[in-house]
**Student:** 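First, the structure itself, so that you have it in front of you.
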Amino acid sequence: MKTTSATEAQRHRGNTMQDKTLRGVLALALVAALLPAPAGAQSSSVTVIQNGTILTVTKGTIEKGSILIRDGKIAEVGKNIKTPAGATVIDASGMYVTPGLIDCHSHIAIEGSVNEGSVAVSSMVAVADVLDPTDIDIYRELAGGTTTSNVLHGSANPIGGLNAVIKHRWGKGAKELLFEGAPPGIKFALGENPKRSNFRPPAGFPQRYPNTRMGVMDVIRQAFIEAREYKKSWDAYNKRVAAGEKSAIPPRRNLKLEPLVEVLEGKRYVHSHGYRADELRQLLLLAEGFGFKVRTFQHVLEGYKIAKEMAMHGVGGSTFSDWWAYKNEAYDAIPYNAAIMTKYGVVVSINSDSAEEARHLNQEAAKTMKYGGLTATEALKLVTINPAIQLGIDKRVGSIEAGKDADLVIWDKHPLSVYAVAQKSLIDGAVYFDRKKDIEQRAEIAKEKKALLEKEKKPAEPAKKESGPGRPPGAAGKAPEKKPAEAKKPPMNAAGGAR
Amino acid sequence: MRTRLQELTAEAQRTQKMHGENKGVNALTLLTLFVALVLLAPAAMAQSGKSYAITGAKIYTLAGPPIANGTIVIKDGKIAAVGANVSVPSGAQVINAKGLEVYPGLFNAVTEVGLVEVGSGEPGTVDTNELGDYNPQVAAAVAVHVESEHIPVVRASGITHTVSAPGGGVISGQASLIHLAGWVIDDLLGKKSAAMVLNWPSLSTRPTFDFATFQVRRRPFSEAKQDYEKKVAEMENWLERARHYAQAAEKGSKDNFSRDEKLEALAPVVKGEMPVLVMTNDDRDIKNAVEFCEKQKLKMILAGGREAWKVKDLLKQKSIPVILKRTQALPANEDEPYDKPYSGPGELAAAGVKIAFATFDTEFARTLPYEAGHAVSYGLSHDDALRAVTINPAQIFGVDKELGTLEQGKIANLIVTNGDPLEIQTEVRYLFIKGQLTSTDNKHRQLYEKYRARP
């Protein structure tokens, strides 16, 4: 099949995406008065962050340092940087600057359920098709310093849907959330969730194969056997075309198998949910048998038991800080997991899997200093450069270096302290979150909400249009048809499980 | 985890089985057990009567200004002395805590510790929810699993005691105060009937996931109201009967009196002796609960209190304390400021409401210090945060004469740390529970040691 069909698949998704964006545009027009304009729209193309303690992550710490940002990229980092005329200056005196935090496991900004749980292999579905740019969690996480997220399908299936790596460009459309050029990925899941231990369909709904860890592995193996055959048929076809054969008939396209062929070809990352060492080991063996690599294990709570094997395979570990015992397969989880995996040479990240936890990934990283004695830099890496490596976007983000995207967070205290509060979050050099501005505008938003409620009580009038640039979300930053946050996300376990 | 003693006991029993002809307990077994008891008992249960002196530490008594270079003497499970000029009694084990800090042990005000081992509901590991809506007669302490792996994990974070609470139904049962160390429940038990748990019937129409239909469902208000009114009437009826029962128990004839466990359990509640832990979150529900408790003359503790900040003046006016469920939570509504759950505790404290922090669960019980610390970042004073995990919950549950500060005569639940106990990187160096130097070892550390040493 090669690139032809892959591109088609992308185009197909692209179209859906456009529809989505179109709908988004319509919605935006309807609530134009209400949606906050992106704060970033105001920024000039040259910005200098001055006088801060810069935690570059990869190049040490610079006291009283500056960062020159030009056209969304970091142009220069250092102690003695001249401020060009006309540049926007952000004073970071007494503050700390870090790269924007990266969450390697998220389910925010998904419209509806995160699980296509009806089938055991759902590789034909894609998160990018259902990105919801109005999800308030995008903004809430920005306010905690998270600027990039790996938005994953749920874990109800041994082979789940395709992921979407996004930047938290709050206020932009669905398409602009996507991290341009991020390598594509797919979600796999092992253990209790795909075998549905903590979940039974209600009466009248059939149970779904698999029901055991044996079955989970069988489903994955079977899918790759099919994918290999499928690839063979495309390879044969492409060979005939290349040889100049005009009458060659292409194989029938299979959207379920195409992403798996990409996995076999090393073009798509496998992000596999898993807990127990045994199931993780089995997936590595299976992958090695088919000749592909697992990019990351997600959760990987028993990664510390097979850190050696993980390092040998080259799989990354994306784990929680101190979660344990919330289900049986998490009973051997230990908060030292990240530290042990790190010491064995595994590329480790700390993820959230939760719209709340993603608001303080810095704190979660700090826990690895207490549990396992990682250094401050090692701890920071867990939520910056390491998840960037895992997602294949480390040339662009994850550290403060010239040439990288200006995705930065300014903190009032050292970010590994529980007392640190993010003051500003920048993406591509534009300020997308500003705590001071957020607080200043709360009264106005409360007033506007009150007015809207009053208006609701009166007979309908034609909608008035007005814009509020740079306004943080609030009463006004909400599409009227949207349900409360709880509405769209049933308990993860109930829906087949994300965790 | 099995203790070494359990292993030895099991081994002794196996030995006995192998020698089936010997019906009696042989001398060797007895000796083994005796040796095990005396020599292998962990520090948690060191010989009572042993005294300790912690010297050279900065002591945050929370009953006055910190003592820069103080000494605490612990004897017979109690704080015997604390101050700058306290002499070390002879025979006391001295802990040189120069450069370290001493605080009262942290109090996680509501958890399920001991009642839940595996959160997802492995049936064998969960003892929180009894069947039926009215179970005032059940008490958490009765089901606390003393060997739970959670207990050592939680205490390693400096939490020395907790109120473990049952859940479910309307009146779930009695929450019990337990100390987090001991061999049998007798050692752990602080106060069996610390509070009666009442799940306030909510008028909320927030969408929930309905397992029966397998869909997200928003309750119509009419349905919520009908259910609410029915439950309020039921509660009133129970309390009314409990009042009659209490009266009959005190004044009635013994011959005509038949015992009723449920009404008996409710008697101290209607007399205002036992507080009611009212679990509710939304402002409207809180207001309704306050009105109900006032009318019924119940001593209310608000538990959960996600929107307590909206009714802080009412709570202050009625002197109702609040035990806050996890600060690190998402705002209840999309249009709330992003940091509302973080700033709410500070707003309540500023309004003069007594607050305490709690995690309400088992698996995250150890994160209590960070819930409090996070609130400090958003407006709560550090002192108030510290009090909210020590003396405030002690006062709320009426045990402040025994716990919550470092004062002479109080139970010696305290921690020696290398810094601020609310900060993430701080380590608990020494831990005293009921005056016993208690190990901070736990399942997690053991697995860590085991696997970091993997060849």
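Below, chains carry the letters A, B, ... as their sequence lines are ordered, and counting in each starts from 1. Computation of the quantities below employed the complete heavy-atom set of this structure, encompassing side-chain atoms and omitting hydrogens, waters and symmetry-equivalent molecules.
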**Student:** How long is the span from the CD atom in B/Gln446 to the CD1 atom in A/Ile334, to the nearest 0.5 Å?
**Tutor:** 11.0 Å
**Student:** With the side chain counted from C-beta on, respond yes when B/Arg454 and A/Tyr304 share a heavy-atom pair under 4.5 Å apart, and no when they do not.
**Tutor:** no
**Student:** So with a 6.0 Å cut-off around NZ of A/Lys370, is the heavy-atom count from everything else above 12?
**Tutor:** yes
**Student:** Check the angle between the aromatic planes of A/Tyr326 and B/Phe364 and answer parallel, tilted or perpendicular using the 30° and 60° thresholds.
**Tutor:** parallel
**Student:** What heavy-atom pair brings B/Ser377 and A/Ala420 nearest, and what distance separates the two atoms?
**Tutor:** OG-N, 4.5 Å
**Student:** Determine the sole option in B/Arg452, B/His444, B/Arg445 for which the side-chain hydrogen bond (donor to acceptor under 3.5 Å, both in side chains) test with A/Tyr336 is passed.
**Tutor:** B/Arg445
**Student:** Is there side-chain contact between B/Leu330 and A/Asp137, with at least one heavy-atom pair below 4.5 Å?
**Tutor:** yes
**Student:** Look at the side chain of B/Gln425 and the backbone N and O of A/Ser417, then say whether any donor-acceptor pair between them is shorter than 3.5 Å.
**Tutor:** no
**Student:** Under a 3.5 Å distance rule, please check whether B/Glu117 uses its side chain to pair with a backbone N or O of A/Tyr331 as donor and acceptor.
**Tutor:** no
**Student:** Would you please name every residue forming a side-chain contact (heavy atoms from CB on, under 4.5 Å) with B/Ala385, sequence neighbours left out?
**Tutor:** B/Ala372, B/Val376, B/Leu380, B/Leu422
**Student:** Run A/Lys449 and B/Glu334 through salt bridge (charged side-chain N to carboxylate O under 4.0 Å, His left out) and show every step you take.
**Tutor:** CA-CA 12 Å; A/Lys449 179 180 182 180; B/Glu334 275 186 324; over 6 Å; no
**Student:** Measure distances from B/Asp420 to the heavy atoms of chain A and classify the residue's part below 4.5 Å as side chain, backbone, both or neither.
**Tutor:** side chain
**Student:** Quick check for you: among B/Thr362, B/Asp339, B/Val116, which has the greatest number of heavy-atom pairs under 4.5 Å with chain A?
**Tutor:** B/Asp339
**Student:** Need one label for A/Ala330: side chain, backbone, both or neither, based on atoms under 4.5 Å from any heavy atom in chain B.
**Tutor:** neither
**Student:** Is there a side-chain contact between B/Tyr451 and A/Lys308 in this structure, where contact means two heavy atoms from C-beta onward sitting under 4.5 Å apart?
**Tutor:** no
**Student:** Among A/Lys413, A/His360, A/Met369, who wins on heavy-atom pairs under 4.5 Å with chain B?
**Tutor:** A/His360
**Student:** For A/Lys367, give me all partners under side-chain contact (heavy atoms from CB on, under 4.5 Å), at least two apart in sequence or on another chain.
**Tutor:** A/Ser321, A/Asp322, A/Glu364, A/Tyr371, B/Thr367, B/Tyr370, B/Ile424
**Student:** Might you work through the side chain to side chain contact (heavy atoms under 4.5 Å, CB included) test for B/Val153 and A/Trp324, ending with a clear yes or no?
**Tutor:** CA-CA 11 Å; B/Val153 166; A/Trp324 82 293; 3.9 Å; yes
**Student:** Is there a side-chain contact between A/Glu329 and B/Ser120 (heavy atoms, below 4.5 Å)?
**Tutor:** no
**Student:** Measure distances from B/His150 to the heavy atoms of chain A and classify the residue's part below 4.5 Å as side chain, backbone, both or neither.
**Tutor:** both
**Student:** For A/Glu456, look at atom CD and say whether over 12 heavy atoms of other residues, nucleotides or ligands are found less than 6.0 Å away.
**Tutor:** no
**Student:** Between B/Leu447 and A/Asp332, is there a side-chain heavy-atom distance shorter than 4.5 Å?
**Tutor:** yes
**Student:** I'd like to know if the side chain of A/Arg359 and the backbone of B/Ala329 have a donor-acceptor N/O pair within less than 3.5 Å.
**Tutor:** yes
**Student:** Considering only heavy atoms from C-beta outward, does the side chain of B/Pro341 approach that of A/Glu356 to under 4.5 Å?
**Tutor:** no
